[in-house]
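Working notes, structure below.
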Amino acid sequence: APSQGERILGKAFKSGRSEFMVKFKATVIAILPDDLEGSRHQRFLVKLKSGQTLLVVHNIDLAPRVRNLKYGHQVNAHGEYIWNSKGGLIHKTHLDPGNDDPHGWIRHKGKIYQ
């Protein structure tokens with residue numbers, strides 16, 4: 001059965017809902033080059049059990065880089081979902097510097113990156 005986060009992400013993708021924090025588990029399907037314009041971001045694609053894909057955009061100016069991340073690895077994450085036509089993206093996977101929003105994180109191989 002899909003997790004609560006996976007159900008929420010599926011409904012949000014179908015309805016175009018955006019800008020909310022969500023927890024989920026997914027499999028890494030691609031490692032992309034870092035985005036180095038403005039704040040630097042580590043980027044990778046994940047796939048939920050449902051088949052929905054998400055682009056994870058992890059700010060490496062605010063949080064440590066997820067180390068030794070490879071195709072096929074499992075990650076758990078908590079971040080903000082932003083709708084797009086390809087499945088959506090997840091960002092804010094770090095501590096909120098202003099303490100105004102919930103803190104995000106990525107868990108990989110037992111280590112939490114935030």
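One-based numbering along the sequence shown.
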Just distance, no hydrogens or angles: give the donor-acceptor pairs under 3.5 Å from side chains in residues 16-27, sequence neighbours left out.
unit_1: Ser18; atom_1: OG; unit_2: Trp83; atom_2: N; d: 2.9
unit_1: Thr27; atom_1: OG1; unit_2: Gln74; atom_2: NE2; d: 2.6

Please tabulate, for the side chains in residues 98-107, all donor-acceptor contacts under 3.5 angstrom to protein atoms that are two or more places apart in sequence or on a different chain.
unit_1: Asn99; atom_1: OD1; unit_2: His103; atom_2: NE2; d: 3.2
unit_1: His103; atom_1: ND1; unit_2: Asp96; atom_2: N; d: 2.8

What pairs of donor and acceptor atoms, side-chain ones from residues 30-37 against any protein atom, are under 3.5 angstrom apart with sequence neighbours left out?
unit_1: Asp34; atom_1: OD1; unit_2: Arg65; atom_2: NH1; d: 3.3
unit_1: Asp34; atom_1: OD2; unit_2: Arg65; atom_2: NH1; d: 3.3
unit_1: Asp34; atom_1: OD2; unit_2: Arg65; atom_2: NH2; d: 2.4
unit_1: Asp35; atom_1: OD1; unit_2: Glu37; atom_2: N; d: 3.0

N/O donor-acceptor pairs under 3.5 Å from side chains in residues 85-95, not counting sequence neighbours:
unit_1: His91; atom_1: NE2; unit_2: Glu80; atom_2: OE1; d: 2.6
unit_1: Thr93; atom_1: OG1; unit_2: His58; atom_2: ND1; d: 2.6

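For the residue pair Leu54 and Tyr81, the shortest heavy atom distance occurs at CD2-CE1, 3.7 Å.
Distance check, rounded to the nearest 0.5 Å: OG of Ser39 to CG of Asp61 gives 5.0 Å. Here the NE2-CG distance, from His41 to Leu55, works out to 10.0 Å after rounding to the nearest 0.5 Å. For the atom pair NE2 of His108 and CZ of Phe44, the computed distance is 8.5 Å after rounding to the nearest 0.5 Å.
If you chain together hydrophobic residues whose side chains sit under 4.5 Å apart, Ile82 and Leu45 fall into the same group. There is a path of hydrophobic side-chain contacts, each under 4.5 Å, that joins Val66 to Leu48.
Val75 places a side-chain heavy atom less than 4.5 Å from the side chain of Leu69. Lys109 places none of its side-chain heavy atoms less than 4.5 Å from the side chain of Asn68.
Between the side chain of Gln52 and the main chain of Phe13, no donor-acceptor pair closer than 3.5 Å is present. A donor-acceptor contact shorter than 3.5 Å links the side chain of Glu6 to the backbone of Ser50.
The list of salt bridge (charged side-chain N to carboxylate O under 4.0 Å, His left out) pairs with a residue in residues 66-77, not counting sequence neighbours, is empty. Among residue pairs with one or both ends in residues 44-60, none qualify as salt bridge (charged side-chain N to carboxylate O under 4.0 Å, His left out); sequence neighbours excluded.
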